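What follows is a short report on a single structure.
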Amino acid sequence: MIHVKGKWALITGASRGVGYQTAKFMAAQGCNLILHSRDLTHTAKVEQEVKALGIEAYCVHAELGNHEEVVAMLDEIEAKGTVVDIIFNNAAVQIAYRTDYWNTPVDDFEQSFRINFISIATICNRFIPQMIERGFGRIINTTSGIKNEPEQAGYAASKAALDKFTKDLASRLDGTDVILSLTDPGWCRTDLGGPNATSPVESVIPGIAVGAFVDDKKSGRFLPAQSFTGMALEDAVAKAETMEATPYVI
């Protein structure tokens, strides 16, 4: 497995839930962090927590549903001269649960796609070419196992789009040391998952981050976080590297 000490990782949605767990875990491995949220005040406490572990970190903000703000955030990161080695595209939004799903508002789809898919595509398209040029990168896109729930059509369709984008892009990265993976945290008790979810949010560790540590130049894997719960990082990476790239339906 690779060692991330001194590398820089961008984590979207780092202020709470799965993103917060990811930030704490990566900081414990010595990885420097760029912490994204919608408002700088949301990640100020997280920044202090991870810096206490001896790493460098700073906060950026953008409303991911606003393309101009996403671009401005990426411009800011580049202007600071930060070399982004690892990306956790974690942030997502679940607009509503529509029992009258035949009348799902168009806005549900538009917001879901802007935040859950277009922002991620924008981030990937900005940083992956630089990673290829430098000869190293790890990108972990967060999908969802949601299915057969038209009540959440906007969310589900945006995640399906992300799956397709990730798999197609991965086909151009195999054999390079830029590895693109998908992960799914599972149904966790977070603001998005709700209080009735089956798993505590802490159960995503180390699986949610394992894609950052694989070292076999194979992209396109689906690495569900709950498959690695309770494992040591080294064992989780070894398991991940035995897993084959998945077909489009996961």
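The shown structure was predicted, so the numbers you read here are calculated from the model rather than taken from an experiment. Because only heavy atoms are used, hydrogens play no part in the values below, and waters and symmetry mates are left out as well, while side chains stay in.
- With rounding to the nearest 0.5 Å, the separation of CD in Glu241 from CZ in Arg221 is 6.5 Å.
- With values rounded to the nearest 0.5 angstrom, Leu35 atom CG is found 14.0 Å from Lys45 atom NZ.
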Cut-off 3.5 Å, no hydrogens considered: what does the side-chain donor-acceptor table look like for residues 13-20, sequence neighbours left out?
| residue | atom | partner | partner atom | Å |
| --- | --- | --- | --- | --- |
| Arg16 | NH1 | Asp191 | OD2 | 2.8 |
| Tyr20 | OH | Glu49 | OE1 | 2.6 |
| Tyr20 | OH | Glu49 | OE2 | 3.2 |

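- Not a single salt bridge (charged side-chain N to carboxylate O under 4.0 Å, His left out) links Asp107 to another residue, sequence neighbours left out.
- Two residues are said to be in side-chain contact when any heavy atoms from C-beta on lie closer than 4.5 Å; Lys80 and Tyr58 meet this criterion.
- For the pairing with Arg138, the side-chain contact (heavy atoms from CB on, under 4.5 Å) check across Ile2, Ile87, Leu180 returns one residue only, Ile2.
- The hydrophobic side chain of Leu40 is isolated, with no ILVMFWY side chain under 4.5 Å apart from it.
- With a 4.5 Å cut-off between side-chain heavy atoms of Ile, Leu, Val, Met, Phe, Trp and Tyr, the cluster of Tyr101 takes in Trp102.
- For CD of Glu133, the number of neighbouring non-hydrogen atoms (other residues, nucleotides, ligands) closer than 6.0 Å is 12 at most.
- When side chains are defined from C-beta on, Lys7 counts as touching Phe136, because their heavy atoms get closer than 4.5 Å.
- Closest approach of Gly211 to Leu223, counting heavy atoms only: CA-CD1, 3.8 Å.
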Solution key, residues 68-76 side-chain donor-acceptor pairs under 3.5 Å, sequence neighbours excluded:
| residue | atom | partner | partner atom | Å |
| --- | --- | --- | --- | --- |
| Glu69 | OE1 | Glu63 | N | 2.7 |
| Asp75 | OD1 | Arg126 | NH1 | 3.1 |
| Asp75 | OD1 | Arg126 | NH2 | 2.9 |

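- The environment of Arg38 atom CZ is sparse: at most 12 non-hydrogen atoms of other residues, nucleotides or ligands sit within 6.0 angstrom.
- Formation of a donor-acceptor pair under 3.5 Å by the Asn116 side chain with backbone atoms of Ser158 is not found in this model.
- Side-chain contact check for Leu173 versus Ile132: some heavy-atom pair is nearer than 4.5 Å.
- When side chains are defined from C-beta on, Asp174 counts as touching Lys218, because their heavy atoms get closer than 4.5 Å.
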query = Hey, mind stepping through His61 and His42 against side chain to side chain contact (heavy atoms under 4.5 Å, CB included) and telling me if it holds?
reply = CA-CA 9 Å; His61 69 100; His42 295 169; over 6 Å; no
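- At a cut-off of 3.5 Å, with distance as the only test, a side-chain donor of Ser203 or Gln226 sits close to an acceptor on the other residue.
- Residues Ile118 and Phe109 do not share a hydrophobic cluster, defined by chaining ILVMFWY side chains whose heavy atoms lie under 4.5 Å apart.
- A donor and an acceptor atom, one from each side chain of Ser37 and Asp39, are nowhere located under 3.5 Å apart.
- Under the salt bridge (charged side-chain N to carboxylate O under 4.0 Å, His left out) criterion, Glu110 pairs with no residue, sequence neighbours left out.
- A 4.5 Å side-chain heavy-atom check between Lys239 and Phe228 finds at least one atom pair inside the cut-off.
- One finds the CG atom of Leu182 at 10.5 Å from the CG atom of Asn89 (value rounded to the nearest 0.5 Å).
- Across all their heavy atoms, Ala212 and Val4 have their closest contact at O-CG1, 4.3 Å.
- Atom SG of Cys31 is separated from atom NE2 of His3 by 13.5 Å, given to the nearest 0.5 angstrom.
- Met243 is connected to Ile140 through a chain of hydrophobic side-chain contacts under 4.5 Å among Ile, Leu, Val, Met, Phe, Trp and Tyr, so both are in one cluster.
- The same ILVMFWY cluster, assembled from side-chain heavy atoms under 4.5 Å apart, contains both Ile128 and Ile34.
- Between Phe25 and Phe213, the ring planes lie perpendicular to each other; the angle is over 60°, past the 30° to 60° tilted range.
- A salt bridge does not link Arg134 with Asp177: every distance from a Lys NZ or Arg NE/NH1/NH2 to an Asp or Glu carboxylate oxygen is 4.0 Å or more.
- A 4.5 Å side-chain heavy-atom check between Ile208 and Asp184 finds every atom pair outside the cut-off.
- Nearest heavy atoms, Val214 versus Ala240: CG1-CB, 3.9 Å.
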key: Evaluation steps, side chain to side chain donor-acceptor pair (under 3.5 Å), between Thr143 and Asp163   = CA-CA 7 Å; Thr143 186; Asp163 293 350; 2.5 Å; yes
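- Of all heavy-atom pairs spanning Ile11 and Ala23, the tightest one is CD1-CA, 3.5 Å.
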task = Report the C-alpha separation of Phe117 and Ser112 in whole Å, then their side-chain angles, then the decisive distance to 0.1 Å, and conclude whether the side chain to side chain contact (heavy atoms under 4.5 Å, CB included) test is met.
result = CA-CA 7 Å; Phe117 171 59; Ser112 297; over 6 Å; no
ask   = Leu233 and Gln29: side chain to side chain contact (heavy atoms under 4.5 Å, CB included), yes or no, with the steps?
value = CA-CA 10 Å; Leu233 177 58; Gln29 313 309 312; 3.8 Å; yes
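- Salt-bridge formation is detected for the pair Asp168/Lys164: a Lys NZ or Arg NE/NH1/NH2 atom is positioned less than 4.0 Å from an Asp or Glu carboxylate oxygen.
- At a threshold of 4.5 Å between non-hydrogen side-chain atoms, the residues Gln21 and Pro185 do not count as touching.
- Judged purely by atom type and a 3.5 angstrom limit, Thr176 uses its side chain to pair as donor or acceptor with the backbone of Val178.
- Separating the OG1 atom in Thr122 from the CG atom in Asn125 is a distance of 6.5 Å, to the nearest 0.5 Å.
- Between the CZ atom of Phe88 and the CE atom of Met26 there is a distance of 4.0 Å, given to the nearest 0.5 Å.
- The two atoms that bring Ala27 and Leu53 nearest to each other are CB-CD1, 3.7 Å, heavy atoms only.
- Here the closest heavy-atom approach between residue Ala92 and residue Lys159 is recorded as CB-NZ, 3.7 Å.
- Considering only heavy atoms from C-beta on, Trp8 stays 4.5 Å or farther from Leu33 through its side chain.
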message = Pair Asp108, Arg98 - check side chain to side chain contact (heavy atoms under 4.5 Å, CB included), show working.
response = CA-CA 10 Å; Asp108 280 16; Arg98 307 286 186 185; 2.8 Å; yes
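- Tested against Ile120, the residues Asn141, Asn90, Leu64, Ile139 include a single side-chain contact (heavy atoms from CB on, under 4.5 Å) partner, Asn141.
- When hydrophobic clusters are built by joining Ile, Leu, Val, Met, Phe, Trp and Tyr residues whose side-chain heavy atoms come closer than 4.5 Å, directly or via intermediates, Met131 is grouped together with Ile123.
- Not a single donor-acceptor pair under 3.5 Å links the side chain of His36 to the backbone N or O of Leu10.
- Val237 and Val204 fall within the same hydrophobic cluster, defined by Ile, Leu, Val, Met, Phe, Trp and Tyr side-chain heavy atoms under 4.5 Å apart, directly or through other members.
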